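Comments concern the structure below.
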Amino acid sequence: AIGPDGSIYVADTNNERVRKLELARLTTGGVQNRASRMTGPVAANEIVVIQGLGLGPTNETTAEPDAAGAFPTALAGTRVLFDGVAAALLSTQERTVIAAVPANLGETVKLRVEYLGRLTNEVTLLVAPAAPGIFTRGGEGQAAAKNEDGSENGEATPAPIGTVVTFTATGLGRVDTDGEAVRPALPVTVTVGGVAAEVVDARVPQGQLPGVIALSVRIPEGVEPGAAVPLSVQVEQAASQPGVTIAVSW
């Protein structure tokens, strides 16, 4: 019998079992920004979470960069193909793969996942210049940010106005090499509590993929202090997910 999701059920009489065969497949809605968990267009270098069936091994396998800092394009039998180009992989498991979108894309890109030589169906994704998402501690709310003194930003350790807070984001689009640093190619705007903040630095941290950008911003004057002050990143017309906050004090 074939289930509504395309799975095949087989009556194994001799073993007194009903066996379920899940087809390797994915859907457009199964591709999310790793930081924001939002769906929609993808951007160059963005770190994405791909969900489906039959994408990898039962147990999660995570990748480590090589001596040059490059992540593998094949991991535990899994490959992620954007227009046939194998993407860098961070982890793979039966239903979830984390990968980096390639840098060179057109207006759309066709995505397939290969596991042990078996390909999923193909989905077409829209491509945007940027699709920013801010990494948070629990998937929403408090940003995974550090204060100028190195402490974790939070209600008990807020950042005083005028000091610098550093957090990471993905989906900021193309990058350029500036000396030894890799930086976003597109202008990045950050607001704290609705007030424009000075971007002191924006670069790819050492050992990270180009899709992970560390943003250091100065808490601006005029921000109302609090334990949950809104934090937002905008690149061209695209903004990060709502609900992300940092803690600010006088």
Side-chain angles (χ1 to χ4, degrees), residues 31-36 42-52 55-105 109 111-120 125 127 130-137 143-146 150-152 164-186 188 199-216 233 235:
V31 181
Q32 304 172 342
N33 180 294
R34 189 187 182 193
S36 70
V42 297
N45 301 308
E46 179 184 355
I47 309 300
V48 294
V49 176
I50 303 168
Q51 297 177 322
L55 308 183
T58 302
N59 297 320
E60 181 182 18
T61 301
T62 57
E64 295 290 340
D66 61 20
F71 281 77
T73 56
L75 181 65
T78 298
R79 293 199 308 157
V80 174
L81 306 172
F82 289 88
D83 282 344
V85 176
L89 302 178
L90 282 81
S91 72
T92 180
Q93 198 171 10
E94 184 177 10
R95 294 174 180 263
T96 305
V97 178
I98 300 176
V101 178
N104 299 315
L105 302 172
V109 64
L111 169 67
R112 301 185 83 174
V113 176
E114 178 188 273
Y115 178 55
L116 298 179
R118 180 182 60 193
L119 286 165
T120 65
L125 305 173
V127 177
I134 300 172
F135 287 95
T136 60
R137 289 189 186 160
K146 286 194 173 183
S151 62
E152 296 287 340
V164 174
V165 169
T166 301
F167 61 94
T168 54
T170 189
L172 306 190
R174 297 179 295 104
V175 295
D176 287 333
T177 301
D178 176 17
E180 295 183 357
V182 180
R183 305 183 186 277
L186 300 174
V188 179
V199 179
V200 177
D201 195 17
R203 66 174 66 201
V204 177
Q206 187 174 4
Q208 291 282 3
L209 287 163
V212 178
I213 305 294
L215 296 168
S216 297
V233 173
V235 181

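A quick note: this is a predicted structure, and the numbers were derived from the prediction, not measured.
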Residue list, salt bridge (Lys or Arg N to Asp or Glu O under 4.0 Å) with [X], at least two apart or on another chain:
X	result
E60	none
R137	E152
D178	R183
R34	none

### Task
Would you sort out whether N104 and V85 count as a side chain to side chain contact (heavy atoms under 4.5 Å, CB included), showing the intermediate values?
CA-CA 10 Å; N104 299 315; V85 176; over 6 Å; no
### Query
Excluding sequence neighbours, so at least two apart, what forms side chain to side chain donor-acceptor pair (under 3.5 Å) with R203?
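Partners of R203 by the side chain to side chain donor-acceptor pair (under 3.5 Å) criterion, ordered by chain and then number, come out as D201.
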#### Entry: With sequence neighbours excluded, residues passing side chain to side chain donor-acceptor pair (under 3.5 Å) with E114
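Residues passing side chain to side chain donor-acceptor pair (under 3.5 Å) with E114: R79.
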Considering all heavy atoms of both residues, which atom of [X] and which atom of [Y] are nearest to each other, and what is their separation?
X	Y	result
A103	N45	CB-OD1, 3.7 Å
V101	F82	CG2-CZ, 4.0 Å
P132	N33	C-ND2, 4.1 Å
L209	A88	CD2-CB, 4.0 Å
I134	A143	CG2-CB, 4.3 Å
G207	F71	O-CE1, 3.8 Å

### Query
For the side-chain contact (heavy atoms from CB on, under 4.5 Å) test, which of V49, L55, L90, V48 pairs with V97?
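With V97 as partner, V49, L55, L90, V48 yield a single side-chain contact (heavy atoms from CB on, under 4.5 Å), made by L55.
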### Query
Do the side chain of E46 and the main chain of A100 share a donor and acceptor less than 3.5 angstrom apart?
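Not confirmed, E46 side chain does not pair with A100 backbone.
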Suppose we screen for side chain to side chain contact (heavy atoms under 4.5 Å, CB included). Which residues come up paired with [X], at least two apart in sequence or across chains?
X	value
P57	T61, A76, T78, T92, Y115
V188	L172, P184, V190, L215, V233, V235
N59	none
T136	Q241, V244

With a 3.5 Å cut-off and sequence neighbours excluded, list the donor-acceptor pairs that the side chains of residues 164-171 form with protein atoms.
residue: T166; atom: OG1; partner: S216; partner atom: OG; Å: 2.8
residue: T170; atom: OG1; partner: I47; partner atom: N; Å: 3.0
residue: T170; atom: OG1; partner: G211; partner atom: O; Å: 2.6

### Query
Which value, rounded to the nearest 0.5 Å, describes the distance between R95 atom CZ and I50 atom CD1?
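It comes to 16.0 Å.
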#### Entry: All pairs passing side-chain hydrogen bond (donor to acceptor under 3.5 Å, both in side chains) where residues 62-76 contributes a residue, at least two apart
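Pairs touching residues 62-76 that pass the test: none.
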